[in-house]
Asker: 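Below is one structure. I have some questions about it.
Predicted, not measured: the structure shown is a model, and the values here were computed from it. In what follows, chains carry the letters A, B, and so on, assigned in the order in which the sequence lines appear, proteins first and then strands, with residues in each chain numbered from 1.
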Protein chains: 2
Amino acid sequence: MSSAASSRPKSVPRGRVDKRKAILDAAFTVFARRGYAQACVQEIAEEAGVAKPTVYSHLSDKETLFRHAVEAALDALLEEKLTVIGRLRARAPDEDPHAALTDLAHGLARICCGEPARALRRLTYAQAAQFPDLAETTQERTVHRPRAALADRLARLSLAGALRPCDPEQAAEHFFALLTGPLESRSLLGTRRVPAAELRGTAEAAVDTFLRAYAGDRQLSQTTAEGDRPDGS
Amino acid sequence: MSSAASSRPKSVPRGRVDKRKAILDAAFTVFARRGYAQACVQEIAEEAGVAKPTVYSHLSDKETLFRHAVEAALDALLEEKLTVIGRLRARAPDEDPHAALTDLAHGLARICCGEPARALRRLTYAQAAQFPDLAETTQERTVHRPRAALADRLARLSLAGALRPCDPEQAAEHFFALLTGPLESRSLLGTRRVPAAELRGTAEAAVDTFLRAYAGDRQLSQTTAEGDRPDGS
DNA sequence: ACGCTGCTGAACTCATGCGTTCATTCTAGA
DNA sequence: TCTAGAATGAACGCATGAGTTCAGCAGCGT
């Protein structure tokens with residue numbers, strides 16, 4: 001997303017390129033950098049390697065620009081998360097869930113701490129009051145849908161006896177909470193880049209606690225023994 | 001905080017009042033309502049029942065105004081949280097931790113879903129890029145200090161055998177995560193007012209899961225039996 | 001009664017930035 | 001090669017709002 005635009009395509013051959021996409025990418029980059037109010041359309045145009053009137057010919061408004069840019073970024077992020085969650089499907093349902101969940105947690109942690117996700121969180125929080133419908137879309141795409149997808153997977157694990165009988169929606173919610181809550185505080189509201197080691201430690205701690213609370217009888221003793229050192233961060 | 005200013009003291013007797021406090025309260029109210037960039041000093045002055053030059057005579061800048069208003073709100077919020085956490089101290093350390101933690105969770109949930117806390121989260125997220133030091137102060141006051149305070153209490157519970165041996169800092173972190181994560185998603189990024197019933201249910205679910213993961217051997221069977229219905233929200 | 005101090009309100013300057021206009025230039029396609 | 005449509009860039013009008021100025025006014029101590 002921002003990686004493509006951050007190389008400042010100043011010298012696009014001026015002819016036919018996919019200007020619209022370039023503009024939306026640039027818009028997200030600049031909004032992420034400055035925030036909605038502080039971002040000016042001129043800078044977006046420059047970032048996209050395009051003239052200001054061109055921007056207005058594609059997207060009528062600064063607000064429209066913002067909405068489309070944010071929604072595109074949301075979609076990309078959702079897809080990433082669903083892919084990582086979907087990897088659970090490939091696992092044998094009766095395998096030890098510890099390894100599978102650790103992989104999952106680590107994958108999700110990497111996504112949540114990536115620049116796009118952090119920027120998106122800042123932007124949607126900031127404009128939650130001004131564009132309440134966007135806040136709703138955001139929750140839907142970044143929280144509810146991934147949670148539902150995870151709940152499906154956890155339900156299967158539960159049936160297979162790897163997790164105790166429980167409400168899978170709530171289990172998924174708690175899984176995400178244990179993972180993203182600590183990450184949130186470690187990234188200083190998305191301000192700071194979380195080092196990979198911390199990220200891994202946080203993910204493991206989350207899985208540990210999650211399994212202590214949700215592991216099925218079959219797994220309990222094993223898990224409890226394994227995660228007994230206090231911490232490591 | 002905002003309750004004093006929300007009654008629009010349009011007709012202050014013009015003479016000596018604590019203008020400065022009125023201004024800071026009004027500033028927080030207006031910033032919370034509009035966001036930093038959209039808030040205008042004129043509106044803050046009106047909300048405080050004061051003329052615009054008076055505002056500038058007390059606080060030199062819009063930025064200064066913002067910082068002082070936010071920090072005052074942060075302090076108030078921190079004190080509230082510490083008070084609620086401090087109530088754990090009064091409990092007998094060998095008593096069943098379930099009741100104590102539920103009280104705590106419920107108290108914290110009420111604070112975190114209150115208008116000041118939600119507004120504060122929106123504001124600091126929004127301006128995290130522009131005023132990074134404020135983001136740090138915010139984390140310190142709203143996360144680290146309360147977590148440290150809770151960790152102290154949990155350490156005592158652990159020593160008393162009510163919780164299993166564990167890193168109290170991490171236990172506290174997970175406790176907060178299990179509580180505030182779900183609350184966050186239920187309040188739609190602070191946009192929506194969470195109904196009391198949901199709030200209570202979330203708090204109980206958080207304590208449930210927390211105790212399943214952290215209860216000491218003495219408590220394990222009891223807790224596990226008690227929280228066995230899937231959910232309730 | 002007098003003047004000092006702090007507040008008022010209205011008007012002002014100035015910077016910023018949205019959205020638009022227009023004459024010009026480029027590219028694609030016939 | 002010629003033409004239509006898209007893109008350019010530079011300038012413009014206009015609104016908004018930060019921060020300031022200033023003449024007047026209320027209260028208060030003396």
Asker: Can you measure B:L65 atom CG to D:dG17 atom P for me and round it to whole angstrom units?
Answerer: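 Those two atoms, CG and P, are 15 Å apart.
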Asker: Quick one: is A:T54 getting a side-chain N or O under 4.0 Å of the D:dT8 phosphate, OP1 or OP2?
Answerer: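 Yes, A:T54 has a side-chain N/O under 4.0 Å of OP1/OP2 on D:dT8.
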Asker: Got a list of protein N/O to nucleotides 18-22 of chain C N/O distances below 3.5 Å?
Answerer:
{"residue": "C:dC18", "atom": "OP1", "partner": "A:A39", "partner atom": "O", "Å": "3.2"}
{"residue": "C:dC18", "atom": "OP1", "partner": "A:K62", "partner atom": "NZ", "Å": "3.3"}
{"residue": "C:dC18", "atom": "OP2", "partner": "A:V41", "partner atom": "N", "Å": "3.1"}
{"residue": "C:dG19", "atom": "OP1", "partner": "A:D61", "partner atom": "OD1", "Å": "3.3"}
{"residue": "C:dG19", "atom": "OP2", "partner": "A:Y56", "partner atom": "OH", "Å": "3.2"}
{"residue": "C:dG19", "atom": "OP2", "partner": "A:K62", "partner atom": "N", "Å": "3.1"}
{"residue": "C:dG19", "atom": "N7", "partner": "A:K52", "partner atom": "NZ", "Å": "3.0"}
{"residue": "C:dG19", "atom": "O6", "partner": "A:K52", "partner atom": "NZ", "Å": "2.8"}

Asker: May I have the distance from A:I44 (atom CD1) to C:dT16 (atom C1'), rounded to whole angstrom?
Answerer: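 Whole-Å distance recorded here is 15 Å.
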Asker: Taking atom C1' of D:dA26 as reference, at what distance in whole Å does atom NZ of B:K19 sit?
Answerer: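 Whole-Å distance recorded here is 11 Å.
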Asker: Among side-chain atoms of B:S185 and A:R147, is any donor-acceptor pair under 3.5 angstrom?
Answerer: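 Indeed, the side chains of B:S185 and A:R147 share at least one donor-acceptor pair under 3.5 Å.
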Asker: Report yes if the distance between the aromatic ring centroids of B:Y214 and B:F175 is under 6.0 Å, otherwise no.
Answerer: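 Judged by ring-centre distance (under 6.0 Å), B:Y214 and B:F175 do not meet the cut-off.
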Asker: Any idea which heavy atoms bring B:L179 and B:A105 closest together, and the distance?
Answerer: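 Heavy-atom minimum between the residues: CD2-O, 3.6 Å.
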Asker: What integer distance in Å separates B:F66:CZ from D:dG17:C1'?
Answerer: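 So the CZ-C1' distance, B:F66 to D:dG17, works out to 17 Å.
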Asker: Before accepting this row, confirm whether a basic side-chain N of the pair A:D103/A:R87 lies closer than 4.0 Å to the acidic partner's carboxylate O.
Answerer: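 Not counted as a salt bridge, because no side-chain N and carboxylate O are separated by less than 4.0 Å.
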Asker: Has B:H58 got a side-chain N or O lying under 4.0 Å from the OP1 or OP2 atom of C:dG6?
Answerer: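 Checking C:dG6 against B:H58, no side-chain N or O comes under 4.0 Å of OP1 or OP2.
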Asker: Expressed as a whole number of angstroms, how long is the span from A:I23:CD1 to D:dT8:C1'?
Answerer: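 Nearest whole value for this atom pair: 13 Å.
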Asker: Within this structure, what is the CD-to-P distance between A:E43 and C:dG17, rounded to whole angstrom?
Answerer: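 Taking CD of A:E43 and P of C:dG17, I get 9 Å after rounding.
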Asker: Do A:K62 and A:Y56 meet the cation-pi criteria used here (NZ or CZ under 6.0 Å from the six-membered ring centre, within 45° of the axis)?
Answerer: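 That pair does not qualify as a cation-pi contact.
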Asker: Just the rounded figure in Å: distance from C1' of D:dT16 to CZ of B:R34.
Answerer: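 Rounding to the nearest Å, CZ of B:R34 and C1' of D:dT16 are 14 Å apart.
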Asker: Who are the side-chain hydrogen bond (donor to acceptor under 3.5 Å, both in side chains) partners of B:D61, not counting sequence neighbours?
Answerer: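 Per chain and number, B:D61 pairs via side-chain hydrogen bond (donor to acceptor under 3.5 Å, both in side chains) with no residue.
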Asker: Check the distance between C:dG6's P and B:L59's CG and give it to me in whole angstrom.
Answerer: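 Those two atoms, CG and P, are 16 Å apart.
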